[in-house]
Amino acid sequence: MTDRPVRVRFAPSPTGPLHIGGVRTALYNYLLARHTGGTMILRIEDTDQTRFVPGAEDYILRSLEWCGIQLDESPWHGGAYAPYRQSERKALYMQYAQQLLNTGNAYYAFDTPEELEAMRKRLKAEKVDFQYNSVMRMQMKNSLTLPADEVRRRIASGEPYVIRLKVPLKEEIRFTDLIRGHVVVQSSTIDDKVLMKSDGMPTYHLANVVDDHLMEISHVIRGEEWLPSAPLHVLLYRAFGWESTMPQFAHLPLLLKPEGEGKLSKRDGDKHGFAVFPLQWNNPETGESSRGFREDGYLPEALVNFLALLGWNPGTEQEIFSMEELIAAFSLERVNKSGAKFDINKAKWYNQQYIKAMSDEQLAGFLLQELDKQGLICSNEKAVLVARAMKERITFIHELVSAGRFFFEAPVAYDAETVAKKWTADAAKALTAFAELLKGWQGAFTPTAVKTALNDLLAQLGMKPGPVMPALRLAMTGSGGGPDLMEILAICGREETIRRIETAVKALV
RNA sequence: GCACCGUUCGUCUAGGGGUUAGGACGUAUCCCUUUCACGGAUAAAACACGGGUUCGAUUCCCGUACGGUGUACCA
């Protein structure tokens, strides 16, 4: 139980795009696997045929790849414990359910969903909670209350049935959660959960336990929403006689809404204008699309870093971690117990940090991609220069273009406030003289050379640079802020500079 | 309702029987910068409440409050 090789699994349901909380769960699994030299497994839990969404599986795979979470075993990578899709393991579950039936740990139940619903309603009116448990089961239609031959008859005639776990009446269930410590639950509070549904598919509980056992999973790391059903799973391991090799549990704190009152949801993202999915998702059924962190301009390294520190911390004051550093530092012991409100500001900060740390060439690559999307053309050399100039003033990749548009196109409008404050007749006169000077320019058009020339000119005219610079900036960029002015001139080039000055002087007189 | 889990600055968190309760994001101010950012500095900002235990509790125990999750033939 303790010294087994580490084998962890991330087990999503392909019911839609992978939620950011799911990404974090996958990440923690991955970090533990790599930290311990263990194995990272992805298992698709598609036992609910009614909720299958085409494209969701593929989305999960692409999301994990984008985040840099590598899988060792999965439906796509294969592995010694294949298949890794529960729908392809269907026959297996019936076999194990049968084992539980044989050992008296489970029973057939014939109550229809409608009957159960009616029962729940009736008891609710009497202010009693309905639980299909050790006391109620003797009043229901199942193989415990019906004569054996009738049970056989019903099954033979094809009547729908489910198989339920026969939860012991009074038993203490204790287990240790790696994050929360000892957890004790009385079996009387657990109901006789359905193990096999009437469509012949297992429920999560059965499939999960059977597969974790068969795949020799050592640690079950999953969201806190599973904590209440963990005792049931322990009971299942017990019923199967697998308690000695039961995986260790670690229930992760949840990602909460920024304003508190529940789990983070897609709605929160829409409401506050941020993504809750790694990649953009287009719902094939409704045609509706949801934004993704990638499309919003986040770097995967930044997202991973942000997510890792949401619920875990190394106990040091280090904030920036590469995946390698996360792997080295990670431990389940340092995962927090309480839920974390999702603060997109911190994600933005991380993104900014990662952009700043990127090489000019690398950033230029992203810039070229963005430009291409918008039908703008730029040389490689210029892209590197622009990347360097913009690096420290953007938060998102796409801002290279939106905030640096003037590098590629002359301004089409001028910021009114800056015009009012900074554009003067004197400045316009000086700029016109500067443009004239530029027309006869000889030699390299570098920031320092331009600066010297401009300062000399202003000195001749008896003017100070103070009032002229902002006007020149306005002519070049249309606004009052941005990278070093001389850099801008050099990057845009001599002729373009002349053109912009002349345009501005005409437009703003 | 019942079961389980949780509660340190607005947010993410460190810490832990005696601390000026530390860091980061965000906010504010200043410095740097003829702009904007980056960077640097400073500031405001927290132990949910009530009882114990103890010389001493934010830290341990018990309650309360609040929050979260679960309570499906969904995962």
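Quick caveat: nothing in here was measured; it's all calculated off a predicted structure. Sequence lines set the chain letters: A, B, ... in the order given, protein chains first and strands last, and positions in each chain run from 1. What's counted below: heavy atoms across the whole structure, side chains too, no hydrogens, waters or symmetry copies.
Taking 4.0 angstrom as the limit, A:K263 places a side-chain polar atom (N or O) nearer than this to OP1 or OP2 of B:G70.
What separates CZ of A:F175 from P of B:C4 is a distance of 11 Å, to the nearest Å. The distance from atom CG of A:D177 to atom P of B:U69 is 18 Å, rounded to the nearest whole Å. Spacing between atom CG of A:L264 and atom P of B:G68 amounts to 14 Å, rounded to whole angstrom units. With rounding to whole Å, A:I190 atom CD1 is found 20 Å from B:U69 atom P. Atoms NZ (A:K124) and P (B:A72) sit 10 Å apart, rounded to a whole Å. Between the NZ atom of A:K121 and the P atom of B:U71 there is a distance of 19 Å, given to the nearest Å. For the pair A:L252 CG and B:G70 P, the computed distance is 15 Å after rounding to whole Å. The CG atom of A:L165 sits 15 Å away from the P atom of B:A72 (whole-angstrom rounding).
Residues A:S265 and A:D268 have side chains that bring a donor and an acceptor to within less than 3.5 angstrom of each other.
Taking the ring pair (Phe, Tyr, Trp, His ring centres under 6.0 Å) definition, one finds that A:H233 meets it with A:Y204, A:H205, sequence neighbours left out. With sequence neighbours excluded, the residues satisfying ring pair (Phe, Tyr, Trp, His ring centres under 6.0 Å) with A:Y108 are A:Y161. Scored by the side chain to side chain donor-acceptor pair (under 3.5 Å) test, A:K193 finds A:D191 as partners (sequence neighbours excluded). In terms of the side chain to side chain donor-acceptor pair (under 3.5 Å) criterion, residue partners of A:N105 (sequence neighbours excluded) are, by chain and number, A:T103. Not counting sequence neighbours, A:E317 has no partner by the salt bridge (charged side-chain N to carboxylate O under 4.0 Å, His left out) test. Under the side chain to side chain contact (heavy atoms under 4.5 Å, CB included) criterion, A:R120 pairs with A:L116, A:E117, A:F130, sequence neighbours left out.
Summarising the base pairing, B:G1 is matched to B:U71 through a Watson-Crick or G-U wobble pair whose two defining distances lie under 3.5 Å. Across all strands shown, B:U19 has no partner, as no Watson-Crick or G-U wobble contact with both distances under 3.5 Å is found. Base pairing of B:U58: no nucleotide in any strand meets the Watson-Crick or G-U wobble criterion (both distances under 3.5 Å). In this structure B:U11 sits in a base pair with B:A24, meeting the Watson-Crick or G-U test at under 3.5 Å. Pairing of B:C36, defined by two Watson-Crick or G-U wobble distances under 3.5 Å, is not identified with any nucleotide. Partner assigned to B:G6 is B:C66, using Watson-Crick or G-U wobble distances below 3.5 angstrom. Taking a pair to require two hydrogen-bonding distances under 3.5 Å in either a Watson-Crick or a G-U wobble arrangement, B:U53 remains unpaired.
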Report task. Treat primed atoms plus P, OP1 and OP2 as sugar-phosphate and everything else as base, then score nucleotides 8-13 of chain B 5' to 3': B for base contact with protein heavy atoms under 4.0 Å, S for sugar-phosphate contact only, - for none. Result -> ---SBS

Report summary line: Per-nt protein contacts along nucleotides 28-48 of chain B (heavy atom under 4.0 Å; B base, S backbone sugar-phosphate only, - none) come out as ------BBBBSS---------

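At the heavy-atom level, A:R222 lies nowhere under 4.0 Å from the strands shown.
A:F406 has its side chain within reach of A:P483: a pair of non-hydrogen atoms, C-beta onward, lies under 4.5 Å apart.
As rounded to the nearest Å, B:C32 and B:A41 have C1' atoms that lie 11 Å from one another. The P atoms of B:U19 and B:A28 are separated by 34 Å, rounded to the nearest whole Å. For the C1' atoms, the distance linking B:U53 with B:C61 amounts to 7 Å, nearest Å. Rounded to the nearest Å, the gap between the C1' atom of B:U58 and that of B:G68 is 23 Å. Rounded to whole Å, the P atom of B:G26 lies 22 Å from the corresponding atom of B:U35. Comparing the C1' positions of B:C2 and B:C9 gives a spacing of 35 Å, expressed to the nearest Å. Taking the P atom of each, B:U29 and B:G18 are spaced 38 Å apart, rounded to whole Å. The gap from the P atom of B:C49 to that of B:U11 amounts to 15 Å, rounded to the nearest Å.
With hydrogens and angles disregarded, a donor-acceptor distance shorter than 3.5 Å links the side chain of A:T145 to the backbone of A:M140. The backbone N or O of A:E319 lies less than 3.5 Å from a partner atom in the side chain of A:Y350, making a donor-acceptor pair. Between the A:S87 side chain and the A:D46 main chain, no donor and acceptor come within less than 3.5 Å of each other.
The stretch residues 196-213 of chain A participates, sequence neighbours left out, in these salt bridge (Lys or Arg N to Asp or Glu O under 4.0 Å) pairs: A:R9-A:D212, A:R43-A:D211, A:R43-A:D212, A:R89-A:D211. Residue pairs that meet the salt bridge (Lys or Arg N to Asp or Glu O under 4.0 Å) test with at least one member in residues 395-406 of chain A, sequence neighbours left out, are A:R405-A:E409.
Of the two residues contacting RNA chain B, namely A:L227 and A:T316, the nearest-nucleotide position lying further toward the 5' end is that of A:L227.
Below 30°, between 30° and 60°, or above 60°: for A:Y28 and A:F330 the angle between ring planes is between 30° and 60°, a tilted geometry.
Ion pairing between a basic and an acidic side chain is recognised when a charged N comes within 4.0 Å of a carboxylate O; A:E159 and A:K141 show no such pairing.
Of the candidates B:G68, B:G6, B:G1, B:G6 carries the atom nearest the A:R180 side chain, counting heavy atoms from C-beta on. Checking B:G6, B:U69, B:C25 against every side-chain atom of A:P228, the shortest atom distance belongs to B:U69.
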Report task. For the pair A:D48 and A:T50, evaluate side-chain hydrogen bond (donor to acceptor under 3.5 Å, both in side chains) and give the outcome as yes or no after the intermediate values. Result -> CA-CA 5 Å; A:D48 186 355; A:T50 65; 2.6 Å; yes

Strictly under 3.5 Å: I want the nitrogen or oxygen pairs between protein and nucleotides 73-75 of chain B, one per line.
from, atom 1, to, atom 2, distance (Å)
B:C73, O2, A:S198, N, 2.7
B:C73, O2, A:S198, OG, 2.7
B:C73, N3, A:S198, OG, 3.1
B:C73, N4, A:D111, O, 3.1
B:C74, OP2, A:K197, NZ, 3.1
B:C74, O2', A:D48, OD2, 3.1
B:C74, O2', A:R51, NE, 3.3
B:C74, O2', A:R51, NH2, 3.0
B:C74, O2, A:R51, NH2, 3.4
B:A75, OP1, A:T47, OG1, 2.8
B:A75, OP1, A:K197, NZ, 2.6
B:A75, OP2, A:Y204, N, 3.2
B:A75, O3', A:S13, OG, 2.8
B:A75, O3', A:E45, OE1, 3.4
B:A75, O2', A:S13, OG, 2.7

Provide a list of protein-nucleic acid N or O atom pairs under 3.5 angstrom, restricted to nucleotides 64-66 of chain B.
none

